[in-house]
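Atoms considered below: every heavy atom in the structure, side chains included; atoms not considered: hydrogens, waters and symmetry mates.
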Amino acid sequence: MTSHTDFLQSLGWAVLNSLWQLALLWVAFQLITFVFKKGKSSFKGAFASGLVISGFTWFIYTFFSAYSRSVNTPVATFTFIAPDNIYSINNFLQKALPVASVVYLILLIMPLMRFIRNYRYVQIIRKYGLTKINVEWRIFINNVSRRMGIKKNVSIWISELVSSPVTIGFLKPVILVPMAAINHLTTQQLEAVLLHELSHIRRYDYLINLIINIIRTVLYFNPFVKAFVKIAEEEREKTCDDMVLQFQYNSWEYANALLMLEK
């Protein structure tokens, strides 16, 4: 029983501290990106991803650090509070933190189920509703992959289950293209869209996105995690768009292709 209480108190302490820890990292992010206003999207995205991973590591460290303490050690000490108030506040935390942890674990079921559902969906679209694409596009993917320094074998399929091009997999990356993209995009537009997906593969975005989604699932209650993830996703897409334009594709046609896919 003591072990369970110890676990719940430590978890509650880690959850409570994660709020100011991620807030501190958020302030650091805002200050540094303000100083380097002209920083590239790749820098901002990588910085945001790195900080949210650091915040999660801090959360894990706080939990194990608190759990390693003896049962009689106060769960929290507030040096800025008058000594006669410390005992009452610590006593309150000892009673409140286990309850907060139970609530946290109960509510964790919802984001956990959403994560599992998304994972299962990815496995489904990877196996079902696939049709071979014309050999010219497989050759295009192979040639551009080599030019971009991608050493993994990248496969491409037409999918009945996706509404826009998507890349899945890290060790064995797969690009899935909807039939609408084949029928309604010009050759140049489709090449640009596929180059965007190859940029994700080159940057290991699938793996990074998987890690970030795990963190977002565990720290679902933290608004700063959501803010970091939003920035990381936006800057990631901008970086891949910039890569497309570096290959001298027409920006207007590329934008029109993205708009058409959205429709």
Does any donor atom in the side chain of Gln21 or Thr62 lie under 3.5 Å from an acceptor atom in the other side chain?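 Judged by distance alone, the side chains do pair up.
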Can you find a side-chain donor-acceptor pair between His184 and Gln189 that sits under 3.5 Å?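 On atom types as modelled, these side chains do not qualify, holding no pair under 3.5 Å.
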How about [X] and [Y]: do any of their side-chain heavy atoms sit closer than 4.5 Å?
{"X": "Met148", "Y": "Met243", "value": "yes"}
{"X": "Pro173", "Y": "Ile168", "value": "no"}
{"X": "Val162", "Y": "Ser159", "value": "yes"}
{"X": "Trp157", "Y": "Lys132", "value": "yes"}
{"X": "Phe115", "Y": "Leu210", "value": "yes"}
{"X": "Ser42", "Y": "Arg203", "value": "yes"}
{"X": "Arg236", "Y": "Asn209", "value": "yes"}
{"X": "Val225", "Y": "Val218", "value": "no"}

Within 6.0 angstrom of [X] [atom1], more than 12 heavy atoms from elsewhere:
{"X": "Lys152", "atom1": "NZ", "value": "yes"}
{"X": "Gln30", "atom1": "CD", "value": "yes"}
{"X": "Tyr61", "atom1": "OH", "value": "no"}
{"X": "Trp20", "atom1": "CH2", "value": "yes"}

Identify which one of Thr239, Asp205, Thr167 satisfies the side chain to side chain donor-acceptor pair (under 3.5 Å) criterion when paired with His200.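 So the option named by the test is Asp205.
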Of the non-hydrogen atoms in [X] and [Y], which two are nearest, and what is the gap between them?
{"X": "Val154", "Y": "Ile201", "result": "CG1-CD1, 3.7 Å"}
{"X": "Leu11", "Y": "Phe59", "result": "CD1-CZ, 4.3 Å"}
{"X": "Glu191", "Y": "Trp137", "result": "CG-CZ3, 3.5 Å"}
{"X": "Thr217", "Y": "Leu108", "result": "O-CD1, 3.3 Å"}
{"X": "Ile158", "Y": "Met179", "result": "CG2-CE, 3.7 Å"}
{"X": "Pro165", "Y": "Glu197", "result": "O-OE2, 3.5 Å"}

Is the side chain of [X] donor-acceptor paired with the backbone N or O of [Y] at a distance under 3.5 Å, no angle test?
{"X": "Asn222", "Y": "Ser18", "answer": "yes"}
{"X": "Ser10", "Y": "Tyr67", "answer": "yes"}
{"X": "Arg138", "Y": "Ser155", "answer": "no"}

Rounded to the nearest 0.5 Å, what separates atom [atom1] in [X] from atom [atom2] in [Y]?
{"X": "Leu97", "Y": "Leu16", "atom1": "CG", "atom2": "CG", "answer": "6.5 Å"}
{"X": "Phe170", "Y": "Leu207", "atom1": "CZ", "atom2": "CG", "answer": "5.0 Å"}
{"X": "Ser41", "Y": "Lys238", "atom1": "OG", "atom2": "NZ", "answer": "5.5 Å"}
{"X": "Leu219", "Y": "Ile214", "atom1": "CG", "atom2": "CD1", "answer": "12.0 Å"}

For a side chain to side chain contact (heavy atoms under 4.5 Å, CB included) check, start with the C-alpha distance between Val229 and Ile215, then their side-chain angles and the critical distance, and finish with the verdict. CA-CA 10 Å; Val229 172; Ile215 295 173; over 6 Å; no
Can you confirm whether or not the ring centre of Phe228 sits under 6.0 Å from the ring centre of Trp26?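 Between Phe228 and Trp26, the centre distance is under 6.0 Å.
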So if you build clusters from Ile, Leu, Val, Met, Phe, Trp, Tyr with side-chain heavy-atom gaps below 4.5 Å, do [X] and [Y] land together?
{"X": "Val27", "Y": "Leu22", "answer": "no"}
{"X": "Leu112", "Y": "Phe56", "answer": "no"}
{"X": "Leu105", "Y": "Met113", "answer": "no"}

Electrostatic pair Glu233-Lys44, nearest N-O below 4.0 angstrom: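 Salt bridge absent between Glu233 and Lys44.
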Test Leu130 against Ile125 for side chain to side chain contact (heavy atoms under 4.5 Å, CB included), laying out the working first. CA-CA 8 Å; Leu130 302 179; Ile125 63 176; over 6 Å; no
Quick one: does NZ or CZ of Lys226 land under 6.0 Å from the six-membered ring centre of Tyr220, within 45 degrees of the ring axis?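 No, cation not above the ring by the 6.0 Å, 45° rule.
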So which residues get pulled into Ile139's cluster when ILVMFWY side chains under 4.5 Å apart are joined, directly or through others? Val135
Check against side chain to side chain contact (heavy atoms under 4.5 Å, CB included), Leu24 and Trp58: CA-CA 12 Å; Leu24 182 62; Trp58 203 351; 4.0 Å; yes
Would you check, one step at a time, whether the test ring-ring contact (aromatic ring centres under 6.0 Å, His included) holds for Phe34 with Phe29? CA-CA 8 Å; Phe34 177 78; Phe29 175 82; over 10 Å; no
